[in-house]
Structures are given as structure tokens and as C-alpha cells.
J.: 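Structure incoming, see below.
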Amino acid sequence: MSIVHNLGFPRIGQQRELKWALESYWRGEIDQAALLQQGENLRQQHWAQQAQAGVELLPVGDFSWYDHVLDTSVMLGVIPPRFAQDDQAPVDLDTYFRMARGRAPQGTDSRACEMTKWFDTNYHYIVPEFAPDQEFRIADSRLFDQTREAQTLGYAIKPVLLGPLSYLWLGKCSTTAFEKLELVDRLIPIYSEILHRLKQQGVQWVQIDEPILVLDLPLAWQRAFATVYTRLSNVGARILLASYFGELGDNLHLAVHLPVDGLHIDLARAPQQLRTVADQLPIYKVLSAGIIDGRNVWTGDLHSLLQQLKPLQERFGERLWLAPSCSLLHCPVNRDNETALDPELLSWLAFAVQKLAELNLLKQALDQGEASVAPALAHNQRVITARRTAARIHHPSVQTRLNTITEAMATRHSGYTQRAALQQQLLGLPLLPTTTIGSFPQTDEVRHARSQFRQQRISQQDYEAVIKQHIQHSVMKQHDFGLDVLVHGEAERTDMVEYFGEQLAGFAFTSNGWVQSYGSRCVKPPILYGDVSRPKPMTVEWSRYAQSLTTKPMKGMLTGPVTILQWSFVRDDQPRQTTCQQIALALRDEVRDLEAAGIKIIQIDEPALREGLPLRRSAWQDYLRWATQCFRLSAATVEDKTQIHTHMCYAEFNDIIEWIAALDADVITIETSRSHMELLNAFKAFAYPNAIGPGTYDIHSPRQPTQSEIKTLLEKATAYIPVQRLWVNPDCGLKTRRWEEVDSALRNMVAAAKEMRANLTQHASG
Ligand code: GLN
Ligand code: ZN
């Protein structure tokens, strides 16, 4: 008899209850007791939902008020000194919230801890800060309390801990740099004590997550695994070591031989590792097969999964455990809450609750024979076959077009120098041209009109009139600021991916498919289910209208193919590369139509290009090759005279700079103000050939930049980039700012650029 278990369940609640509770607490509308009660309700609900779906060993400790890495920091007493806390007392909830977001109902504001992406997901964790003399202690009892809570309800449970090595790996050195790994000796006794206490509470199994086992690890870190787990074995409950998000690869031998009682592997991302792991895993250990994809939303092909599992069952018997590939944190909660999707599309989807039910079905088929669940398996096969052959997925014309892709289609006619000269002739821009990244403030008025329009309370015409008014307003403002290249302001978009997804064929939208992004923030990624094409132009009318209001060049504004792919749930029946090419071709049509409508500059944003990098270095080349090709495929349809821009909200390009150059965008705008332009080093060292607009001020900060601050940054930038190829712009879009802020910041920016220009011409003539 195999066992069904789960690595983690979404914590936000089916209706985002956690979000609402947290935000009311932060606003002071409910007290801490009410918040705690809501948390308890949610945990109970989640355990009940999982038990009902057939999970036999329930995760505890996957619930979190904000983030599970922050939970680990707090449990281990890793509290940066600025959150002054009595270092013997348990950490209180408001200190926890201040670490996460700088502010809580109680206590004084302090700089929040950094946040960064959790492996290759869109979930962000709070980065632990370690001092060289870092001490650890058990500073929080939530894991023990929740263990008791679940036991009292009568559940068989498995507490979940982030492993000591992954925890250290994910943290940063607070002040001086030192080798974080050296802290491990001080950390192990605390982990031992935690394991010991859990055992005393009657816990039989603990899940220790070590996702870094799928990364390229330095030798010292690889070696540390043996030391750590030798010391943690036999001190407490049995250990299931969990790896996920990829293949164990060169850590496989190490992972299977650690002195723990079981190993979880990701078979959705890396099914090819099954055979080796099964062959090498010592016979006494549990093999937890992460067989159902925890990162995507598709119904599993149970028949084919069963074929993989059957030989395992013969070998491992009751030591075969079935699980999702990773925690279900990364998928929406329950498909049953979807009301807007049609039944066919719905049947193709499995959210967290449905994925667990699939596992249960697999277990029954294994334990009692397929005949015992024949109708359910047959239904599953009908769904799988229907999806495979559905007319709404497969559009022969899209596929035929894919076969026509050539390298020439992805290559501009002439090289940059020739293009730049032609573009300059046509555009006549001054030295250090000023522009913005695309969006202007989204006012309440626009949001209100959009929601009225969606509820069919106002007509399309009325809605469009509101948007046009906003375009007019932003064009007028930009004239007033004295900007050289204008934008229409993106008032018509709520989200840079959703706006395009809604207009492209092949995308669907859920009404409740929320996934936690960070803290109380959730996103609802579009579902890309079928061949992508563009039924009609998506942005052309807005850009044409905006251009009609001014003689200055109006920049067309598109979201790039890689970013659309990266921020959606993507179909799993063809390589991501193929899907990305389809999006690229659809955008190519849009680019061509914008050019035909007289738009002389087109920006294709790719903020997600870097985050798409595979976890393993060895896979980078392949990804970068197709990702940059897709960008070029969208862009390179234009004539030499049309200027292509791209934008990325970061500037860590050191390791991929040649690929950034390979995009061959005429102008790239990037984030650099926070690093005081130092991130431009990569561009200088590589001798980046095209034009660059390094962000001259941080739009995320409520602080207004002064003219002289901006000028200082620009002067610094000239040390890295020749002035002829330097643009002047903010770090990112201005959507989240207020008009007053934008007003003063952009005026200062334009003034700084003008001052620089004057100095430069004086130099040149003097
Ligand atoms: N054009 C987009 C905007 O200005 C870019 C957003 C982004 O980089 N994330 O809002
Ligand atoms: Zn940006």
C-alpha cells in the first residue's frame, strides 16, 4: 500500500481570505486575536480539504502569515538588530511583519528585509540576513503549536521544515562578506533540538526541504550535506528529504545516499531521473514520487503516470509514496470556484484540490487494481484525449506559419550603425533624448470606468472616451515636461500581460485562480491553452490616436513574447520554445501594423527575460538562444528607419550580456539608479554596441529626485556609455505613482538632461 502525501498546500485560502485578514489587520481594522483566529480557521479548512481529497499524511508548517523562509528565520532567531527585540523572548507577530514589510500595527518602522524570487517561481521570499557572529536559538513555537493543533484534530501529519543548507544558501551576509556555510555548525544543534521536540510531540515523519539539491553547488556545499544529515539522523523523527524544481543531476549520488529515511524527487520537471534514483536508492528508504505537476494547472494523464508508477510499486511496495512534484503553493486552490470558464476548458484543469484527488486515484489504481477505479480512469482518458485533439487548441495555420520561421525573419536588414544614422535623420532627436518607460499613473477614474465597462454598465464607446481623455492628458503633460519621445501612458491596461492575453487567441482567464506572489499579494496568471494568434490589432488604435495629438515621436508599447510566456500558466503539450515562437509571431504582426500606422518607435518590454533563466547553467545557452530569437522575431519585421526599444527592470547583465546585445534592440532601458550606475559595468566591459537608457531615478521610492542628483548620475553614466548612445529615462513605468510625484520628477529629469546637453555642446565648441 503506497501513501499519498502533500508537500504543502496554498495558504491564501480559496477566496484569498488570508489576504483580506492580513490587510485589515495591518490597517488596524481587526485585532491580533481576530487575525490569529482567521489563521486557525484557514489551517483547519486546508487540512480538511486535503484529507477529503485523500491525503494521508498532511503537511504542517506550510501555512505562513507572510513567507515560509521568514518563518524559518524567526524560528531560528535570525532577527536583524534593527528590529530590536529582546534576544531571549519569542519573536512577536508584529516584529515578524516589520521584517517583512517595514511596518506593523505595533513597533516603530524600520527598513524591511529584502525580498527575492524563490528559485524559478514567481513567489518571493524574505531574504535572511546573517551576521558573521550569528547566533541561533529557537525563537518561535508556531511549528510546535500547529503540530499540536493538527494532532488534536486527529490528523496524521508531517511537519515541514526548510533544510539548514537551503536556508543558509538563500540568505545574505548582512554586513561584511563571509562564507555563510561556516554558520552551519551553529545551526545544526538548533535543527536537532527542533527534530527532537517534534519527536517528543509524537511526530513520526518530518519533511526537510532542500531544493538547492537541484542547483549547481560548489563542492563545499555538496560535502556539507553528508555532515549535516549524519548529525541530524536519529535525533528525532524520521526524515523525508525533499528536492524539487528540477533534476538532482550531479547531486543525485549524494542525495540518494544521505543517512535519511526517504527522498522526494520532482518527476514532473525531471521524469528522466526516475530510473537512476530508483536503481540507486538504498532499499530501506522511502521513495516519494513527485508525479503530479505542482507548478502548472493541467489535469494529469493518469494512464501514462500509472505506467511510470507500476514498476516502482513492485520494487518499493509500501515505501512508494505519491505526491505533487513540489508544494502546491504555486498553483490556484480549487477549480470548483471557477464559474466563467466553459465546461470543456474546465475539465482540462486541475488546481491544488484536484491534483490531490488525482494522486488518490493513482493510489487506488496501484493498490486495488485499475478495475477498481475504471470509470474515473476512463473519464480522465477522455479528458486527455479531448484536450490532445481539441479544435480550439490546434490551429493548422499557426503551425504552418511556425514552419516558415527563418533566421532572416529574426534579423534586422542592416546593422545598428546604419540603422541609427537613418533613424536619427528621421527623428531628429537631441543629444541625450528623454523618454519614459510607458505607463503613467492609473487613476481611480480609469479603474472605475474599466470596472463599469466590464460589468456592462457603460458602453465600449464611453469607456474608450475615458481612455482617450487620459491619453490626451498624458500627452499634454509630456509636452509640458519637455520630453522628447512620448508614450500614450497605457491607461487601457490593468496588467501588461493580461492586456495582451485577453486579445490573443489561445488564452483563457480564471475568475479565482490566484497564486501568492508575496505576502498578501496574489497574481492571477492567464492560462495559455492553445495555439496563439492575433485576431486583430491590439494597440494600434491607441498609439495612432496618441500620435495624432503630437508632432513628437510617439512610442508604441508592447509586452514581449518571453514575458508573456513567463507570467502565464503555459500549455504542457509542446516545448515552451514553440509556444514562445507563436506569441512572437503574433506580436510581429502587431509591430508591423504599428509601423504601418506611422509609429516610428516601438518598445517591446522584456522584464521577465532574466528570470526565465533555467536553474542549471548547462541549460542557459539553449534558453537564451530561443528566448532572444523570439524577441528578434517580434521586432525584426520593421524597416531600418523604425527604432526598436526594449526595457528590463534590472541591470544584472554580467553573465548574459552577449545575449542582451544579441537582442539587437536599437535602445535598451534598464534599472540602474539604485546601484548608482555601477551595474553599467557589464555594458562597458563588453563594449555594448547599441544605445542605452540607464534609469536615472528609482520610481519605486516615494522620494523625489532632484535635478542635481539626476545630473550626477548622468555624468557617471557617461563614464560607461558614449554620450551619442545615452538616453535619459526613469527606471521603470510610472503606473503606481501619483501625478504630483511624476510631475516634479520628470521636470527635474528633463532639466538635468538639458543642463548636460548645454555643458556638452559648450565643451565641443570650446
Ligand atoms: N511598459 C511597462 C510600464 O511602463 C513596463 C513595466 C515593467 O517593466 N514591468 O508599465
Ligand atoms: Zn520595468
Side-chain angles (χ1 to χ4, degrees), residues 115 117 122 124 434-443 446-447 467 470-471 474-475 477-478 481 483 485-501 517-518 521 523 525-526 538-539 542-543 546 554-568 587 590-591 594 599 601-612 631 634-635 643-653 660 663 665 667-675 679 692-701 727-739 741-742 745-746 749:
M115 189 164 73
K117 279 188 187 262
N122 265 327
H124 301 71
T434 53
T435 191
T436 60
I437 306 304
S439 57
F440 275 108
Q442 284 262 331
T443 59
V446 176
R447 284 200 209 100
I467 299 294
H470 276 77
I471 294 178
S474 79
V475 170
K477 283 294 213 180
Q478 294 173 81
F481 302 155
L483 288 157
V485 170
L486 311 195
V487 296
H488 75 284
E490 301 180 25
E492 76 285 5
R493 307 179 191 176
T494 34
D495 175 275
M496 64 188 290
V497 170
E498 186 186 62
Y499 179 77
F500 292 94
S517 169
Y518 63 90
R521 283 288 199 104
V523 292
M538 305 182 281
T539 64
W542 301 128
S543 288
M554 176 61 57
K555 214 168 20 167
M557 203 57 59
L558 304 175
T559 302
V562 184
T563 299
I564 293 182
L565 181 86
Q566 198 61 31
W567 291 348
S568 303
L587 290 169
E590 186 73 12
V591 167
L594 281 169
I599 302 301
I601 305 183
I602 301 168
Q603 178 171 313
I604 305 174
D605 292 328
E606 283 291 21
L609 183 83
R610 194 174 204 293
E611 72 185 50
F631 176 88
S634 310
Q643 191 168 71
I644 296 289
H645 289 210
T646 188
H647 164 70
M648 297 169 190
C649 325
Y650 49 84
E652 297 131 47
F653 292 123
I660 298 302
L663 294 175
V667 181
I668 178 173
T669 56
I670 54 177
E671 190 270 330
T672 36
S673 69
R674 270 178 287 186
S675 74
L679 290 169
I692 310 178
T696 56
Y697 77 91
D698 177 10
I699 65 101
H700 299 287
S701 161
W727 280 63
V728 180
N729 45 263
D731 263 353
C732 194
L734 301 164
K735 190 176 181 169
T736 55
R737 307 276 24 137
R738 287 177 295 118
W739 268 110
E741 297 167 322
V742 166
L746 290 183
M749 187 185 88

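The structure displayed is predicted, hence computed values, not measured ones. Order of appearance sets the numbers: ligands from 1, and atoms from 1 within every ligand.
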J.: Heavy-atom pairs closer than 4.0 Å: do any link ligand 1 to the side chain of Met648, the backbone, both, or neither?
T.: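 For Met648, there is no contact with ligand 1 at all, from either part.
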
J.: What atoms of ligand 1 come within less than 4.0 Å of a heavy atom belonging to His647?
T.: 8 (O)

J.: Quick one, His645 and Ile602 - any side-chain contact, counting heavy atoms below 4.5 Å?
T.: no

J.: Using heavy-atom distances, let me know which of Met496, Gln603, Arg493 sits nearest atom 6 (C) of ligand 1.
T.: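 Looking at heavy atoms only, the winner is Met496.
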
J.: Does any N or O atom in Ile437 lie less than 3.5 angstrom from one in ligand 1, N or O only?
T.: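 Between Ile437 and ligand 1 (N or O atoms, distance only) the closest approach is under 3.5 Å.
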
J.: When rounded to the nearest 0.5 angstrom, what is the spacing between NE2 in His488 and NE2 in His470?
T.: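 Spacing of NE2 (His488) from NE2 (His470) equals 12.5 Å.
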
J.: Give me the residue, atom name and distance of the protein heavy atom closest to atom 1 (N) of ligand 1.
T.: Asp605 OD2, 2.6 Å

J.: Any idea which atoms of ligand 1 are less than 4.0 Å away from a heavy-atom of Glu490?
T.: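 Close to Glu490: 1 (N), 2 (C), 3 (C), 4 (O), 10 (O).
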
J.: Could you tell me if Thr646 and Glu606 have a donor-acceptor pair between their side chains, going purely by distance under 3.5 Å?
T.: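 On atom types as modelled, these side chains do not qualify, holding no pair under 3.5 Å.
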
J.: Any N or O on Lys735 sitting closer than 3.5 Å to an N or O of ligand 1?
T.: no

J.: Give a yes-or-no answer on whether the side chains of Asn729 and Thr669 include a donor-acceptor pair shorter than 3.5 Å.
T.: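 No, no side-chain donor-acceptor pair sits under 3.5 Å.
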
J.: Does a side-chain heavy-atom distance below 4.5 Å link Arg674 with His700?
T.: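 Side-chain contact under 4.5 Å: yes.
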
J.: Is any side-chain heavy atom of Leu609 less than 4.5 Å from a side-chain heavy atom of Phe631?
T.: no

J.: How wide is the angle at the Zn ion (ligand 2) spanned by Cys732 SG and His647 NE2, rounded to 10 degrees?
T.: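 Roughly 120°, rounded to 10°.
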
J.: Show me which atoms of ligand 1 lie under 4.0 Å from any heavy atom of Cys732.
T.: 7 (C), 8 (O)

J.: Find all atoms of ligand 1 within a distance of less than 4.0 Å from any non-hydrogen atom belonging to Gly733, and give their numbers and elements.
T.: 3 (C), 4 (O), 10 (O)

J.: Measure Ser439 to ligand 1 on non-hydrogen atoms and call it side chain, backbone, both or neither using the 4.0 Å cut-off.
T.: both

J.: Which of the atoms in ligand 1, numbered in the order shown and given with their element, are less than 4.0 Å from a heavy-atom of Gly438?
T.: 4 (O)

J.: Does some side-chain heavy atom of Phe653 sit less than 4.5 Å from a side-chain heavy atom of Ile670?
T.: yes

J.: Can you tell whether the side chains of Glu611 and Lys117 come within less than 4.0 Å, N to carboxylate O?
T.: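 Salt bridge flag = yes for Lys117 with Glu611.
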
J.: Contact between Thr539 and Arg493 at the side-chain level, heavy atoms closer than 4.5 Å - yes or no?
T.: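 In short, these two side chains touch, coming nearer than 4.5 Å.
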
J.: Would you mind listing which atoms of ligand 1 come within a distance below 4.0 Å of any non-hydrogen atom of Cys649?
T.: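 Matching atoms, with element in brackets: 7 (C), 8 (O), 9 (N).
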
